[in-house]
A.B. asks: 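Attaching a single structure in structure tokens format; questions to follow.
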There are 2 protein chains.
Amino acid sequence: MRTAFYISDGTAITSEVFGHALLSLFPVDFAHETISFVETKEKALEVKALINKTAKKSNEPPLVFHTFVNHEIREIIDSCDGIIYNFLEHFVSPLEKQLGISAKPKAHRTHSIHENSYDYRIDAVNYSLANDDGSNISNYEHADVILVGVSRSGKTPSSLYLALQYGIKAANYPFTDDDMEELKLPSFLVPHKKKLFGLTIDAQRLMDIREGRMSNSKYSSARQCRMELREVEKLYKKEKIPFLNTTKLSVEEITAKILNQTGLQRYKY
Amino acid sequence: MRTAFYISDGTAITSEVFGHALLSLFPVDFAHETISFVETKEKALEVKALINKTAKKSNEPPLVFHTFVNHEIREIIDSCDGIIYNFLEHFVSPLEKQLGISAKPKAHRTHSIHENSYDYRIDAVNYSLANDDGSNISNYEHADVILVGVSRSGKTPSSLYLALQYGIKAANYPFTDDDMEELKLPSFLVPHKKKLFGLTIDAQRLMDIREGRMSNSKYSSARQCRMELREVEKLYKKEKIPFLNTTKLSVEEITAKILNQTGLQRYKY
């Protein structure tokens, strides 16, 4: 199997996203290797030796995705026996022409604590954890969004992703069996109705997920799942709460669609 | 201010990372606009109209970062009045030559539920939440890693990030004031010593963070913060627990360094 290296002087997250987006276009399996914080010439020489060793072991040269801006380190990596893909290189000079200014590369540009948005994100994570699963119903005036839905419809991972990635204070509140008879909006949610966003899910998928947690229970029964979903969807429509079916969506897709539909402001790009 | 558009037929996360990495090289502010799930020609025409309207309002054409693989949609976006940066385009044909096969573009390639790693990640998020802040000390045999440290040293956001991004089951356990006299490893952590990873932080930064939560308390006092940090660092050294100072690090950097130092396997790339 061919090896793909993702290398950077910082977290290497950008190199990973870049390389992964490209390699996912090809129906081939790769061995993945991320090497972060390559900040010195010594470390770069070690990495070069590792790439060369990997190249020797295999008949095919490794693919090397990197984003170095430091010239000395970059030259060392570029001189290895791998095939180099440096996505910054190709785009910097057209951008310089377009913007009429020179690039000012610094190490650790992205994904660092120096981004303005950093404290927002940690605050948002703390908020979302403290307001997960209806644990703190007195605190919704500080929420940017309140996700609602039945148990296991995707509220918690989506709230955390909104907080961690975008600095959005996302609370979530579950509608449970006890709420279901004549389901209506709980009084403490009424003042925050504009912040509500509903999740729903196909009954079969919900049964499968709940079965994994509590098999052969009322909670995971077809009858219960269908009833809960029917009730919450009725509520969403009656109260005009925007909502989304999460059955075939990843947490990234759910949150992108929530941002799309609500126009919520992100604190991080 | 010039506008940067990030556009895709999926979440647009790849376009955002790509554009942000490039623009962060330039000391200029941009207005950012993400448009996700542009999946039809009709939607593409709307987006083109929006870009053209933005171009007209400003003296400078917007920058447009996209990753479209569908030709029809791509042609519509490429014909707008913005400046197009399509990072897939430049790299696909060199990669095809190198791999000796043709790219097989599909929509929604990355960040979707169809990635093999998806269920791992949701399981890991559930695990990390259930085992946050020492809430479930009987469950550590299922952990991939257990972060330890004093209150507010970065354990919780780091655990959640490891789980959400990499599918790693990260528990965390806090050392509190009660533990501090003659601090030693709690008995329930001893069997899992190889999974422990310590966090520490500078006393001043810890005081600032704790002051924000409980001002003028023993908890946020200089004396208490210094004592707790001295004790945990002594423990890390005595027990040979690898550890990291989080003072100047973002959650992305903390987790990248934990992966680096532990060699933990990621379930997602």
Side-chain angles (χ1 to χ4, degrees), chain A residues 2 10-14 16-18 20-22 24-28 32 34 36-37 63 67 69 83 85 87-88 90-92 94-95 98-99 101 103-105 108-113 115 118 121-122 125-126 129 132 156-157 160-161 164 248-253 256-257 259-260 266 269, chain B residues 10-14 16-18 20-28 32 34 36-37 63 67 69 83 85 87-88 90-92 94-95 98-99 101 103-105 108-113 115 118 121-122 125-126 129 132 156-157 160-161 164 248-253 256-257 259-260 266 269:
Chain A
R2 200 187 282 234
T11 61
I13 291 172
T14 302
E16 286 178 355
V17 171
F18 159 54
H20 185 58
L22 278 168
S24 69
L25 297 175
F26 295 90
V28 185
H32 302 281
T34 298
S36 50
F37 301 105
L63 309 178
T67 57
V69 288
I83 311 294
Y85 302 93
F87 92 108
L88 289 182
H90 177 70
F91 290 96
V92 166
L95 254 174
Q98 182 55 228
L99 297 173
I101 51 172
K104 290 201 176 157
H108 298 282
R109 299 163 313 277
T110 53
H111 304 114
S112 90
I113 202 168
E115 292 185 301
Y118 192 67
R121 287 170 60 207
I122 298 302
V125 170
N126 291 333
L129 275 177
D132 182 43
T156 294
L160 292 173
Y161 198 87
L164 259 176
K248 291 181 180 155
L249 303 177
S250 70
V251 64
E252 285 86 349
E253 290 172 320
K257 282 179 187 272
L259 293 173
N260 237 353
R266 302 147 188 239
Y269 256 94
Chain B
T11 60
I13 291 172
T14 302
E16 287 178 354
V17 171
F18 160 54
H20 184 57
L22 279 168
L23 296 184
S24 68
L25 297 174
F26 294 90
V28 186
H32 303 281
T34 298
S36 51
F37 301 103
L63 309 178
T67 57
V69 289
I83 311 293
Y85 302 94
F87 92 108
L88 290 181
H90 178 69
F91 289 96
V92 166
L95 254 174
Q98 183 54 229
L99 297 173
I101 51 172
K104 289 201 178 156
H108 299 284
R109 297 162 315 277
T110 54
H111 304 114
S112 88
I113 201 170
E115 292 184 301
Y118 191 69
R121 288 169 60 209
I122 297 303
V125 169
N126 291 331
L129 275 176
D132 182 43
T156 293
L160 292 173
Y161 198 86
L164 258 176
K248 291 181 179 155
L249 301 176
S250 70
V251 64
E252 286 86 350
E253 290 172 319
K257 282 179 187 272
L259 293 173
N260 237 353
R266 302 146 186 239
Y269 257 95

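Given the structure is predicted, the values throughout are model-derived calculations rather than measurements. In what follows, chains carry the letters A, B, and so on, assigned in the order in which the sequence lines appear, proteins first and then strands, with residues in each chain numbered from 1.
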A.B. asks: So which residue, B:Tyr85, B:Phe91, B:Tyr161, ends up with the most heavy-atom pairs under 4.5 Å with chain A?
C.D. replies: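 Option with the greatest count: B:Phe91.
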A.B. asks: Any idea which of B:Asn260, B:Leu95, B:Ile101 has the most non-hydrogen atom pairs under 4.5 angstrom with chain A?
C.D. replies: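 Looking at each option in turn, the highest pair count goes to B:Leu95.
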A.B. asks: Check B:Ala256 against A:Ser36 and note the closest heavy-atom contact, atom names and distance.
C.D. replies: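 In this case the closest contact between B:Ala256 and A:Ser36 is O-OG, 3.9 Å.
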A.B. asks: Pick one of side chain, backbone, both or neither for A:Thr156, based on which atoms fall under 4.5 Å of a heavy atom in chain B.
C.D. replies: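 Contact with chain B is through the side chain of A:Thr156 alone.
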A.B. asks: Roughly how far, to the nearest 0.5 Å, is the NZ atom of B:Lys248 from the CD atom of B:Glu253?
C.D. replies: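 Taking CD in B:Glu253 and NZ in B:Lys248, the distance rounds to 12.0 Å.
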A.B. asks: Which one of B:Leu23, B:Val28, B:Asn126, B:Asp132 has the most heavy-atom pairs closer than 4.5 Å to chain A?
C.D. replies: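 The candidate making the most pairs under 4.5 Å is B:Asn126.
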A.B. asks: B:Val125, B:Leu259, B:Leu22: which one forms the most heavy-atom pairs within less than 4.5 Å of chain A?
C.D. replies: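 Maximum pair count with chain A is reached by B:Leu22.
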A.B. asks: Does any backbone or side-chain atom of B:Ile83 lie under 4.5 Å from a heavy atom of chain A? Answer side chain, backbone, both or neither.
C.D. replies: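 Side chain only.
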A.B. asks: Side-chain contact test, heavy atoms from C-beta onward, threshold under 4.5 Å: evaluate it for B:Thr34 versus B:Ile13 and give yes or no.
C.D. replies: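 No, their side chains stay 4.5 Å or more apart.
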A.B. asks: Any chance you could measure A:Phe37, atom CZ, to A:Thr11, atom OG1, to the nearest 0.5 Å?
C.D. replies: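 The distance works out to 6.0 Å.
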A.B. asks: Describe, in one word, how the ring planes of B:His90 and A:His90 are oriented to each other, choosing from parallel (under 30°), tilted (30 to 60°) and perpendicular (over 60°).
C.D. replies: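 Aromatic pair B:His90/A:His90 classed parallel.
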A.B. asks: Please classify the contact between A:Leu160 and chain B as side chain, backbone, both or neither, with a heavy-atom cut-off of under 4.5 Å.
C.D. replies: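 Both backbone and side chain of A:Leu160 come within 4.5 Å of chain B.
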A.B. asks: Give, as side chain, backbone, both or neither, the part of B:Val92 having an atom under 4.5 angstrom from any heavy atom of chain A.
C.D. replies: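 Both parts, heavy atoms under 4.5 Å.
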